[in-house]
Amino acid sequence: MSVIAFTEEHTSPVAPSRIFKASIIDSHNLIPKLMPQAIKSIQILQGDGGAGTIKQINFPEGSSFKSIKYQIDELNEETFTYKYTLVEGDALIDKLDKITYEVQFEKTPQGGSVSKVTSKYYTQGSFNLNEEGIMAGKEKVMGMYKAVEAFLLQNPEAYA
């Protein structure tokens, strides 16, 4: 087994508290409304939304994936930190044990935020990860982030 890690940063004019509430805390409600073409639904299968909660993302017909399940490992509304593990689903293919994500939103001097996302891919055996597949997944996540950001900019009272 090997672990391959990637870290990315993204700046936003939206305050960390608002983007954290919208994209993390209320993602199961907001994301399917903003992006029905990409996310059919997000269900809470177990838990109350905090650490230990298991959620399932269901994709629309015709998507390359049917669904994925992930477990929330940490959710801290004071430090805007979110950690979760992809535990089941089409995205793991047969060659990945799991994928972990660490998300941190920090305030910028201008009142916006910087998000730092570290993803770690735990491969099985001598499997080499395909960077094209990783980049395609990251583009989808960035599209989701941009949709939430655009919504918040157009609705300054939302998630205030």
Open item on the list: Distance check, rounded to the nearest 0.5 Å: Glu106 atom CD versus Thr79 atom OG1?
Closed with: 10.0 Å
Task: Same apolar cluster (I L V M F W Y, side chains within < 4.5 Å links), Met144/Val14 - done: yes
Open item on the list: Tell me whether the count of non-hydrogen atoms from other residues, nucleotides or ligands lying under 6.0 Å of CD in Glu157 goes above 12.
Closed with: yes
Task: Spacing of Gln71 atom CD and Lys83 atom NZ [to the nearest 0.5 Å] - done: 14.0 Å
TODO: Evaluate the criterion side chain to side chain contact (heavy atoms under 4.5 Å, CB included) for residue pair Phe59 and Ile39; output intermediate values, then yes/no.
DONE: CA-CA 5 Å; Phe59 300 98; Ile39 306 283; 3.8 Å; yes
TODO: Without swapping roles, check the side chain of Thr123 against the backbone of Ser2 for a donor-acceptor pair under 3.5 Å.
DONE: yes
Task: Considering all heavy atoms, the nearest Lys69-Leu86 contact - done: O-CD1, 3.4 Å
Open item on the list: Distance check, rounded to the nearest 0.5 Å: Phe20 atom CZ versus Ser113 atom OG?
Closed with: 12.0 Å
TODO: Specify the closest pair of heavy atoms between Glu149 and Thr11, including all atoms of both residues, with the distance to one decimal.
DONE: OE2-O, 4.0 Å
Open item on the list: Angle between ring planes, Tyr159 versus Phe151, binned at 30° and 60°: parallel, tilted or perpendicular?
Closed with: perpendicular
Open item on the list: Tell me if a side-chain donor or acceptor on Ser27 pairs with a main-chain N or O of Ile31 at a distance below 3.5 Å.
Closed with: no
Open item on the list: Working to the nearest 0.5 angstrom, can you tell me the gap between Asp73 CG and Thr53 OG1?
Closed with: 10.5 Å
Open item on the list: Quick check: is Val117 connected to Val114 through a chain of hydrophobic side chains (ILVMFWY, heavy atoms under 4.5 Å apart)?
Closed with: no
TODO: Would you kindly confirm whether Val103 and Ile4 end up in one hydrophobic cluster when ILVMFWY residues are joined by side chain heavy atoms under 4.5 Å apart?
DONE: yes
TODO: Rounded to the nearest 0.5 Å, what's the gap from CG on Leu152 to CG on Leu34? Could you check?
DONE: 8.5 Å
Open item on the list: side chain to side chain contact (heavy atoms under 4.5 Å, CB included), that's the test. Do Ile19 and Ser12 meet it? Break it down for me.
Closed with: CA-CA 9 Å; Ile19 203 148; Ser12 172; 4.2 Å; yes
Task: Inter-residue atom distance Glu88.CD - Ile68.CD1, 0.5 Å rounding - done: 11.0 Å
Show me the side-chain donor-acceptor pairs of residues 41-50 shorter than 3.5 Å, one per line, residues at least two apart or across chains.
residue: Ser41; atom: OG; partner: Asn58; partner atom: ND2; Å: 2.9
residue: Gln43; atom: OE1; partner: Asn58; partner atom: ND2; Å: 2.7
residue: Asp48; atom: OD1; partner: Gly50; partner atom: N; Å: 3.0

Open item on the list: Given 3.5 Å as the limit, does a donor-acceptor pair link the side chain of Thr85 with the main chain of Val87, or not?
Closed with: no
- [ ] Kindly give the heavy-atom pair with the smallest separation between Gln37 and Pro60, and that separation in Å.
- [x] O-CG, 3.3 Å
Open item on the list: side chain to side chain contact (heavy atoms under 4.5 Å, CB included), that's the test. Do Ile57 and Tyr70 meet it? Break it down for me.
Closed with: CA-CA 8 Å; Ile57 298 175; Tyr70 63 96; 3.7 Å; yes
TODO: Specify the closest pair of heavy atoms between Pro16 and Gly112, including all atoms of both residues, with the distance to one decimal.
DONE: CD-O, 3.4 Å
Task: Student check: side-chain heavy atoms of Phe105 and Ser23 closer than 4.5 Å - done: yes
TODO: Show your reasoning for whether side chain to side chain contact (heavy atoms under 4.5 Å, CB included) applies to Ile72 and Glu74.
DONE: CA-CA 6 Å; Ile72 299 172; Glu74 178 184 330; 5.9 Å; no
- [ ] Applying side chain to side chain donor-acceptor pair (under 3.5 Å), name anything that partners Thr118, two or more places apart in sequence or on another chain.
- [x] Thr7
Open item on the list: Using every non-hydrogen atom in the two residues, find where Ala5 and Lys120 come nearest and quote the distance to one decimal.
Closed with: CB-CG, 3.9 Å
